Amino acid sequence: MARTYRRNEILTNPFYLALVAVSTIFVVTALAYLVSGFALDPANAPASERSRRVALWFDRNGPLVMTIEFLVMLATGVVMMATDRWYTERRKRGGRG
């Protein structure tokens with residue numbers, strides 16, 4: 001029995017990969033924003049002044065950055081869902097156009 005090669009469906013729509021990338025960046029930013037609160041606590045003095053500056057930056061700009069990332073993530077998800085049918089039909093036809 002010969003196995004047929006099946007293309008990876010996730011890679012068919014490039015917006016899937018874009019959504020994964022944007023979501024990963026969002027999660028990293030959210031975790032950094034969470035940790036910045038602990039870094040600013042005087043009882044948990046960070047190892048360096050640079051850590052404190054980064055924590056202060058996240059404390060001031062974290063909500064704005066996460067809002068922008070969320071909106072980009074939302075737009076990417078909507079575009080991904082809107083183009084999914086087109087990419088699926090294209091994959092079923094086996095062509096590139």
Side-chain angles (χ1 to χ4, degrees):
M1 267 191 199
R3 290 181 85 175
T4 58
Y5 176 73
R6 199 170 149 202
R7 289 184 66 187
N8 192 346
E9 293 179 16
I10 292 175
L11 298 178
T12 303
N13 189 340
F15 292 107
Y16 281 121
L17 295 176
L19 183 62
V20 168
V22 172
S23 299
T24 301
I25 292 169
F26 177 80
V27 168
V28 169
T29 304
L31 291 174
Y33 182 63
L34 176 70
V35 170
S36 72
F38 294 110
L40 293 175
D41 186 14
N44 302 327
S48 69
E49 182 60 30
R50 183 177 180 193
S51 297
R52 185 164 173 73
R53 283 187 306 211
V54 171
L56 283 171
W57 187 89
F58 270 110
D59 191 47
R60 284 190 310 268
N61 301 317
L64 176 64
V65 171
M66 289 187 353
T67 300
I68 292 169
E69 289 173 352
F70 177 77
L71 293 174
V72 170
M73 191 170 50
L74 181 66
T76 305
V78 168
V79 170
M80 178 197 68
M81 288 185 281
T83 61
D84 192 47
R85 177 172 283 163
W86 183 78
Y87 280 108
T88 303
E89 289 172 0
R90 182 176 155 192
R91 180 182 49 82
K92 285 181 182 177
R93 285 194 312 256
R96 291 208 169 239

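Keep in mind the model is a prediction, meaning the values are calculated, not measured. These values consider heavy atoms only, across backbone and side chains, with no hydrogens, waters or symmetry-generated copies.
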Quiz prompt | Inter-residue atom distance T76.OG1 - L17.CG, 0.5 Å rounding | solution = 11.5 Å

Self-check item: Pairwise side-chain contact, W57 with V65, heavy-atom cut-off 4.5 Å (strictly under)
Solution: yes

Quiz item: If you measure from OG on S48 to CZ on R53, what distance do you get to the nearest 0.5 Å?
Solution: 8.0 Å

Quiz item: Is there a chain of hydrophobic side chains (I, L, V, M, F, W, Y, each step under 4.5 Å between heavy atoms) that links Y16 to W86?
Solution: yes

Quiz item: Out of curiosity, L19 CG to T24 OG1, how far, rounded to the nearest 0.5 Å?
Solution: 9.0 Å

Quiz item: Is I25 reachable from L34 through a run of I, L, V, M, F, W or Y residues, each pair having side-chain heavy atoms under 4.5 Å apart?
Solution: no

Quiz prompt | Rounded distance (nearest 0.5 Å) linking atom OG of S36 with atom CZ of R52 | solution = 11.0 Å

Quiz item: Are the side chains of T29 and F58 in touch, meaning some heavy atoms are under 4.5 Å apart?
Solution: yes

Self-check item: Over 12 non-hydrogen atoms of neighbours within 6.0 angstrom of CZ in F26
Solution: yes

Exercise. Answer with yes or no whether the hydrophobic clustering places F70 together with V79; edges join I, L, V, M, F, W, Y residues whose side-chain heavy atoms lie under 4.5 Å apart.
Key: yes

Self-check item: Check: M80 main-chain N/O paired with N13 side-chain donor or acceptor under 3.5 Å
Solution: yes

Quiz prompt | Value rounded to 0.5 Å, distance of CD1 in I68 from CE in M73 | solution = 13.0 Å

Self-check item: ILVMFWY cluster, F15 and V20 together (side-chain gap under 4.5 Å)
Solution: no

Quiz item: Going by atom types alone, do D59 and Y33 pair a side-chain donor with an acceptor below 3.5 Å?
Solution: no

